[in-house]
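Please read the structure below before turning to the comments.
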Amino acid sequence: YFSTVPANAVVKKMQQQSKSIALSLHAGGYVCNYSFYTLLHHTKDRDTLIGFVHFPLYEGQDDKQNSSLTLSDMASLLHDIIVEISSMIN
């Protein structure tokens, strides 16, 4: 299964706006991967948009080897992604 949202176009548009974002073909391990593919499986016969956004660690979880974002930055980026998807499908 693959995301049913226009992920490539969203990532390109966000990068043009200098947002720190990248496309991945992997939803992560264990719970993230299971949740994404289970949702895709159960909606495969419906006209439903499904995507997955994987954020880095929350700022307080930073272990100095991985990137992190503030909660405010995560919320802002998620908002921008949703607005962009909405503008592409309407």
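Annotation for Leu78 and Phe55: closest pair CB-CZ, 4.0 Å, computed over non-hydrogen atoms. In terms of heavy atoms, Leu57 sits closest to Met74 at O-CE, 3.6 Å.
Between the side chain of Thr70 and the backbone N or O of Asp73 there is at least one donor-acceptor pair closer than 3.5 Å. Thr4 places a side-chain N or O within 3.5 Å of a backbone atom of Ile50 that can act as its donor or acceptor partner.
Cluster annotation: Leu77 and Phe52 are assigned to distinct hydrophobic clusters (Ile/Leu/Val/Met/Phe/Trp/Tyr, side-chain heavy-atom contacts under 4.5 Å, transitive). Hydrophobic clustering, with ILVMFWY side chains joined whenever heavy atoms are under 4.5 angstrom apart, groups Leu23 together with Val10.
In this structure, the side chains of Val11 and Gln15 come closer than 4.5 Å at one or more pairs of heavy atoms. Side-chain contact between Val83 and Ser87 is absent, with no heavy atoms from C-beta onward closer than 4.5 Å.
The distance from atom NE2 of His54 to atom SG of Cys32, rounded to the nearest 0.5 Å, is 4.0 Å. Leu40 CG to His42 NE2: the interatomic distance, rounded to the nearest 0.5 Å, is 10.5 Å.
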Would you please test Glu84 and Gln17 for side-chain contact (heavy atoms from CB on, under 4.5 Å) and show each step? CA-CA 11 Å; Glu84 190 58 40; Gln17 298 172 7; 4.3 Å; yes
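Tyr1 and His41 have perpendicular rings, their planes meeting at more than 60° on a 0 to 90° scale where under 30° would count as parallel.
Evaluation of the side-chain contact (heavy atoms from CB on, under 4.5 Å) rule for Gln16 yields Lys12, Lys13 as partners, not counting sequence neighbours.
Among Val5, Ile21, Ile81, Ile82, the one residue that satisfies the side chain to side chain contact (heavy atoms under 4.5 Å, CB included) test with Val53 is Ile81.
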